[in-house]
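Reviewing the structure listed below.
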Amino acid sequence: MKLLIKGGRIIDPSQQLDKTADLLIEDGRVSSIEDSSNDDGLEVFDASGLIVAPGFIDLHVHLREPGEEYKETIASGAAAAVAGGFTSICAMPNTRPVNDNASVTRFIIDKAREARLARVYPVGAITRESKGEELAEMAEMKQAGAVAVSDDGRPVMDSQVMRHAMEYARDHGLVVVDHCQDLHLAAGGVMNEGRYSTLLGLKGMNNAAEQTHVARDIMLAELTGARVHIAHISTAGSVELVGRAKRQGLAVTCEVTPHHLALTDSAVVGFDTNTKMSPPLRSEEDRAALIEAVRDGTIDAIATDHAPHHPDEKMLEYDRAPNGVIGLETALGVALNVLHHSYAVPIARVIEMLTIGPAQAFSLPGGSLAVGSPADITVFDPASEWTVDVQRFKSKSRNTPFEGWTLRGHVIETFIDGERRTGTSSSEQSG
Ligand SMILES: [Zn+2]
Ligand SMILES: [Zn+2]
């Protein structure tokens with residue numbers, strides 16, 4: 001089986017490659033990248049005018065299966081992933097039951113294999129049932145295929161438990177992913193603490209609630225030698241702490257979500273519960289610091305924190321609605337709109353944070369078009385405009401703050417092992 005992706009602008013930050021060329025796929029692998037090639041007898045995908053990048057990797061996705069299949073299944077989440085250009089996604093453990101043992105880890109891997117869409121890498125829990133008390137079965141989960149551990153959404157408050165978790169994770173080659181939040185400092189908060197929370201009469205969460213745990217985890221990373229990944233970083237202070245840890249040479253990485261790059265707490269005016277997530281949308285100063293940290297390399301990855309919820313659940317009053325928004329099908333458009341089209345961040349840097357950046361943070365395969373690699377490839381149009389229409393999403397859920405937005409940057413096709421997986425696009429091009 002041979003396929004030629006012809007005439008695209010190939011951007012692969014893993015090998016500092018940016019040129020218009022033909023990419024040949026043979027037996028599911030990248031076989032060559034040539035300035036021009038003979039396409040006699042080959043299946044050809046015309047990529048002229050398009051960007052050809054390594055398949056995108058999302059380190060932070062909630063798939064809701066097992067337990068809450070009415071919100072999302074592994075298959076529907078994986079379909080949303082490939083529609084958004086993601087060939088690999090990491091599945092967070094807060095399912096029912098929690099992925100805190102090898103049998104749940106294996107269940108996720110089996111379901112993903114049946115779906116034959118995006119590759120799904122399970123993230124195991126740090127503690128049993130994510131209760132923050134006893135450590136989960138990390139060694140068994142690692143053996144079954146887990147790539148990292150996290151109690152995302154239920155931060156480990158006991159620092160001694162976190163220390164032991166890091167020692168254990170280090171010994172088993174697992175990255176510790178932390179949703180950094182001091183639950184006492186953040187108690188009762190439903191949005192960012194600041195001018196808008198006062199204006200709206202909602203209880204706020206202070207930046208310090210995030211930063212105290214970022215600082216703690218960095219100190220514990222230094223103490224234990226563990227690899228620590230800060231999930232959905234959202235404040236200027238957190239960025240500063242991670243930057244300092246990196247300069248010290250600690251194994252600390254971090255991710256940012258498209259919604260924290262695009263929106264601020266001013267979006268909460270109007271009480272749309274699709275602006276409610278944890279960590280909350282922050283101030284304009286924080287957003288500016290995140291964009292600067294993208295530019296200077298402090299941030300390793302763009303991750304969606306795709307968090308499906310049923311419309312009935314999001315329809316509650318602001319204080320009572322659950323946290324989280326979906327993001328797989330808008331990630332590229334939002335990231336390009338904000339970072340590249342509005343703030344002139346080079347497109348190769350945006351691609352780096354969707355490919356080799358996340359691959360290295362979790363030591364995942366992929367993120368590169370080096371000859372011999374599995375042909376996981378995302379082809380997209382960086383400039384065409386489209387309008388976000390949730391009714392066209394592959395995800396089972398509809399909770400996006402970007403409904404009706406016009407975005408520039410649109411996924412055309414997603415290849416995994418050299419095979420097309422996108423099928424029909426989840427969004428309509430309007431220009
Ligand atoms: Zn989280
Ligand atoms: Zn999450």
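Since the structure is predicted, the reported quantities are computational estimates derived from the model, not experimental observations. One-based numbering, in listed order, for ligands and for the atoms of each. One is the number of the first residue; the rest follow in order along the sequence.
- Atom CE of Met141 sits about 6.0 Å away from atom CG of Asn99, to the nearest 0.5 Å.
- Under the side-chain hydrogen bond (donor to acceptor under 3.5 Å, both in side chains) rule, Ser234 has a single partner from Gln181, His259, His260, Arg282, which is Arg282.
- Of the residues Thr95, Thr304, Asp152, the one that meets the side-chain hydrogen bond (donor to acceptor under 3.5 Å, both in side chains) test with His62 is Asp152.
- Here the two rings, on Phe362 and His229, have centers that are under 6.0 Å apart.
- Close placement of the His172 and Tyr168 rings is indicated, their centers lying within 6.0 Å of each other.
- If you look at the Zn ion (ligand 1), the protein N, O or S atoms less than 2.8 Å from it are Asp152 OD1, His179 ND1, His232 NE2.
- Taking the side chain as every heavy atom from C-beta outward, Tyr318 and Asp272 never approach each other to under 4.5 Å.
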